[in-house]
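Down below is the structure, laid out as structure tokens.
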Amino acid sequence: MKKLWDFGWGLYKKHEEGINYLIFGFLAFVLNYILYFLFADAMQLHYMAATVLSWVLTVVFAYWTNRTFVFKSQNKDTGSVVKEFVSFIGARIATEVLELVLMYVMVDLLSINDKISKLVCQVLVILANYVLSKIWIFKKSSSDGDN
């Protein structure tokens, strides 16, 4: 049993960043749905308001978990944290726009089933968010180079 544990732990440590990204991404996905239903059903907000509120709160959660558990940002000063946060929000807005454009192209222009299109878009958005977070937002460098 110890060998299996050691193997699993070694595998986790080798791919810790990617595994943590998937775990906290899944939690953000679940949080988004829970918040949406809370705002839309329990609070009787319009579905668009519920969508925006759930997205905003989920992005804040995603920033915190990505910063703390996935990419383990070492930025401590207020300016660096604000820059990191604004970059994260900007990237998430950009990938949301990407998803909307891709959904329009696949569903309206190419007549691909919306559920299949949504799945394809989600995979692309998750990959884009990871890449943007890794190379632009939470990049590991000792300098404050241009972003």
Side-chain angles (χ1 to χ4, degrees), residues 2-107 114-147:
K2 179 157 175 24
K3 285 186 181 190
L4 181 59
W5 172 260
D6 290 343
F7 172 76
W9 185 250
L11 196 58
Y12 168 75
K13 291 308 281 182
K14 183 177 179 182
H15 302 288
E16 181 176 2
E17 185 177 273
I19 291 169
N20 286 350
Y21 186 80
L22 291 173
I23 290 168
F24 288 107
F26 176 75
L27 291 174
F29 171 80
V30 170
L31 177 65
N32 186 281
Y33 271 82
I34 290 170
L35 290 172
Y36 176 81
F37 287 112
L38 175 70
F39 294 138
D41 294 344
M43 297 177 73
Q44 298 295 304
L45 294 179
H46 186 272
Y47 78 92
M48 290 299 280
T51 298
V52 170
L53 282 172
S54 62
W55 181 83
V56 167
L57 293 173
T58 301
V59 167
V60 170
F61 171 80
Y63 170 73
W64 173 69
T65 57
N66 276 253
R67 174 182 166 67
T68 306
F69 303 110
V70 178
F71 298 104
K72 299 178 182 175
S73 175
Q74 298 301 308
N75 288 331
K76 302 285 187 231
D77 65 285
T78 304
S80 294
V81 172
V82 168
K83 182 178 179 183
E84 191 179 79
F85 182 71
V86 169
S87 297
F88 188 86
I89 298 295
R92 293 300 167 114
I93 290 170
T95 57
E96 182 62 20
V97 170
L98 172 68
E99 179 178 12
L100 293 171
V101 169
L102 289 173
M103 284 294 288
Y104 172 75
V105 168
M106 288 191 286
V107 175
D114 66 311
K115 305 302 185 281
I116 293 169
S117 297
K118 182 68 172 173
L119 180 62
V120 170
C121 286
Q122 283 300 290
V123 168
L124 294 174
V125 164
I126 288 167
L127 290 171
N129 283 334
Y130 179 78
V131 169
L132 289 170
S133 291
K134 180 131 179 101
I135 66 171
W136 182 45
I137 301 162
F138 300 109
K139 65 182 176 181
K140 303 223 187 308
S141 79
S142 56
S143 68
D144 290 326
D146 293 320
N147 284 340

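Since the structure is predicted, the reported quantities are computational estimates derived from the model, not experimental observations.
Counting non-hydrogen atoms of neighbouring residues, nucleotides and ligands closer than 6.0 angstrom, the CZ atom of Phe69 exceeds 12 such neighbours. In the displayed structure, Lys3 atom NZ is contacted under 6.0 Å by at most 12 heavy atoms of other residues, nucleotides or ligands. Summarising the local packing, OH of Tyr104 is surrounded by 12 or fewer heavy atoms from other residues, nucleotides or ligands at distances under 6.0 Å.
Here the shortest heavy-atom pairing between Phe71 and Ser133 reads CE1-CB, 3.4 Å. Residues Lys76 and Ser73 approach most closely at NZ-O, 4.4 Å, considering heavy atoms. In terms of heavy atoms, Ala50 sits closest to Phe39 at CB-CB, 3.7 Å. Taking both residues in full, the closest heavy atoms of Leu35 and Ser54 are given as CB-CB, 3.7 Å, listed atom of the first, atom of the second, then distance. Between Ala128 and Thr95, the shortest heavy-atom distance links the atoms CB-CG2, 3.8 Å.
To the nearest 0.5 Å, the span separating CG on Leu22 from CD on Glu17 amounts to 11.0 Å. Distance CG/Leu53 to CG/Leu38: 10.0 Å, rounded to 0.5 Å. With rounding to the nearest 0.5 Å, the separation of CG in Leu27 from CG in Leu31 is 8.5 Å. The structure places CD of Gln122 at 9.5 Å from CG of Leu124, a figure rounded to the nearest 0.5 Å. To the nearest 0.5 Å, atoms CG (Asp6) and NZ (Lys13) are separated by 13.5 Å.
Ring centers of Trp55 and Tyr36: at least 6.0 Å apart, outside the cut-off.
Aromatic ring pairs are classed by plane angle as parallel below 30°, tilted from 30° to 60° and perpendicular above 60°; the pair Tyr63 and Phe85 is perpendicular. The aromatic rings of Trp5 and Trp9 lie parallel to each other, their planes meeting at an angle below 30°, with 60° marking the opposite boundary.
Listed for the Arg67 side chain is a donor-acceptor partner under 3.5 Å among the backbone atoms of Asn75. Using modelled atom types, one side-chain atom of Tyr21 and one backbone atom of Tyr130 make a donor-acceptor pair closer than 3.5 Å. Distance alone, capped at 3.5 Å, places no donor-acceptor pair between the Thr68 side chain and the Thr65 backbone. A distance-only check finds no donor-acceptor pair linking the side chain of Asn32 to the backbone of Thr58 [under 3.5 Å].
With respect to Arg92, the side-chain contact (heavy atoms from CB on, under 4.5 Å) criterion is satisfied by exactly one of Ile137, Leu132, Val56, Val59: Val59.
In this structure the side chain of Asp114 never reaches within 4.5 angstrom of the side chain of Lys118, judged on heavy atoms. Side-chain contact check for Glu84 versus Phe88: every heavy-atom pair is 4.5 Å or farther apart. Side-chain contact check for Val82 versus Val86: some heavy-atom pair is nearer than 4.5 Å.
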